[in-house]
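Okay, structure first, notes after.
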Amino acid sequence: MFSLLLVSLRVLGCSLVLSVQALYSSSDDVVELTPSNFNREVIQSDSLWLVEFYAPWCGHCQSLAPEWKKAATALKGIVKIGAVDADQHKSLGGQYGVRGFPTIKIFGGNKNKPDEYQGGRTSQAIVDGAMNALRALVKDRLSGKSGGSGYNKQSGGGSKKDVVELTDDNFDKMVLESDDVWLVEFFAPWCGHCKNLEPEWAAAATDVKEQTKGRVRLGAVDATVHQVVSSRYGIRGFPTIKIFKKGEEPEDYQGGRSRKDIVERALDLFSDNAPPPELLEILNEDVLKKTCEDSQLCIIAVLPHILDTGASGRNGYLEVMMKMAEKYKKKMWGWLWTEAGAQMDLEASLGIGGFGYPAMAAINARKMKFALLRGSFSDTGIHEFLRELSVGRGSTATLGGGAMPKIHAVEPWDGKDGQVSGKITAVSWSECLLMYVWTIAD
């Protein structure tokens, strides 16, 4: 008799276990949510979600289940209704502060900060609560409020649009497969240090994007949501910042947390990985305009005529310029050159014309100011000239006429020695030009 009773109890226990594990099934309109699909289904969705966190053994949860299913069917295609077995997926419940069952949360405009559902537990009350939340969401969107993580919203610190929001789904494509250098912050929305860093990170992102022309980028990962990528890189505390370069192991960021510190480190990374700026011949007005307008300074050399130096002499001057362009590439300056006599209006506006080749000037097109190289056209002379400019020293003057000079279209140098047709006396091009200037003066 006792053994029969024991068997009966075991059968009853098994049936109870089976019953409590079957609150929702794939045939219901309730979406079963787990850590593996929660981010994809809820967080990255534009839809409004009502999510129940339940335990199968909970009596109140069992009572709610038929009403929850009815509400899901009524709201199908309008509001998403989901359910998380928080007894089985404790980490997911803990992430949203679930302490008792059932707990219902509304994931609306800001998916990282869901609201508590405070309404009744009948299907009608649930539908009414969902529609109220939906109306509030639409109203927010009409007024310009946006959802997503803190890095997609506007706050007193300004737009966060230049911080790229990274997820488990887009991280590899955006970061690992990119030729750009990435600084990535792993944060938690509740973390005080992360909140302090947010405006500095956002401001730095805008500066870095502009100064590196998008070659160094700042991103942010909500590590409480995107746990796959965060676990991959062993994130244990917040905020954690890592540096990613294509084909290399990520390294920890060791710098300060101010806007200035972040920008300086980003520019160092850019300098380490960037090619030297292009050295362009001034062939037309577009070359001068684009180079000087896109750069804080444009460095312009006026080189001797090809008849004075030949190809080897000119290439020597260009090599000096390229070496300096490499040395100062972090400054993102523009680098240009022209031949003596090819752009007379430019020479006149800089006070160069007639003699003293090679010459060099640095132009600030925004202020219409320029400075002239007074030392030698050599590594040492140009370095001293540019170093003074980079720290805000050096004598400057207003560009002649207060505007960029007229530029004449010319043919590009073919890389060869100059050729003169007919007879010519043993006099240099510079001397001819000087004689011409004297003739005009007389």
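For the single chain, residues carry numbers from 1 onward in sequence order. The shown structure was predicted, so the numbers you read here are calculated from the model rather than taken from an experiment.
Taking the six-membered ring where tryptophan is involved, the planes of Phe53 and Phe107 are tilted, since the angle between them lies from 30° to 60°. Ring planes of Trp337 and Trp413: perpendicular class, angle over 60° (limits at 30 and 60°). Aromatic ring pairs are classed by plane angle as parallel below 30°, tilted from 30° to 60° and perpendicular above 60°; the pair Tyr328 and His383 is tilted. Using cut-offs of 30° and 60° on the angle between ring planes, the pair Phe171 and Tyr233 is tilted.
In this structure the side chain of Ile241 reaches within 4.5 angstrom of the side chain of Leu197, judged on heavy atoms. With contacts defined as side-chain heavy-atom distances shorter than 4.5 Å, the pair Cys194/Glu185 qualifies.
In this model, no donor atom of one side chain and acceptor atom of the other lie less than 3.5 Å apart for His226 and Asp169.
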Side-chain atoms of residues 368-379: list all donor-acceptor pairs with protein atoms under 3.5 Å, sequence neighbours left out, distances to 0.1 Å.
residue	atom	partner	partner atom	Å
Lys369	NZ	Thr398	OG1	3.2
Ser376	OG	Ser378	OG	2.7
Ser378	OG	Gly381	N	3.1
Asp379	OD2	Lys323	NZ	3.0

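Residues that satisfy the salt bridge (charged side-chain N to carboxylate O under 4.0 Å, His left out) test with Asp172, not counting sequence neighbours, are Arg232.
For residues 241-258, the set of pairs meeting the salt bridge (charged side-chain N to carboxylate O under 4.0 Å, His left out) definition, not counting sequence neighbours, comprises Asp179-Lys246, Lys242-Asp252, Lys245-Glu251, Glu251-Arg265.
For Trp68 and Tyr54, the gap between ring centers reaches or exceeds 6.0 Å.
Under the 4.0 Å criterion applied to side-chain N and carboxylate O atoms, Lys406 and Asp345 are not assigned as salt-bridge partners.
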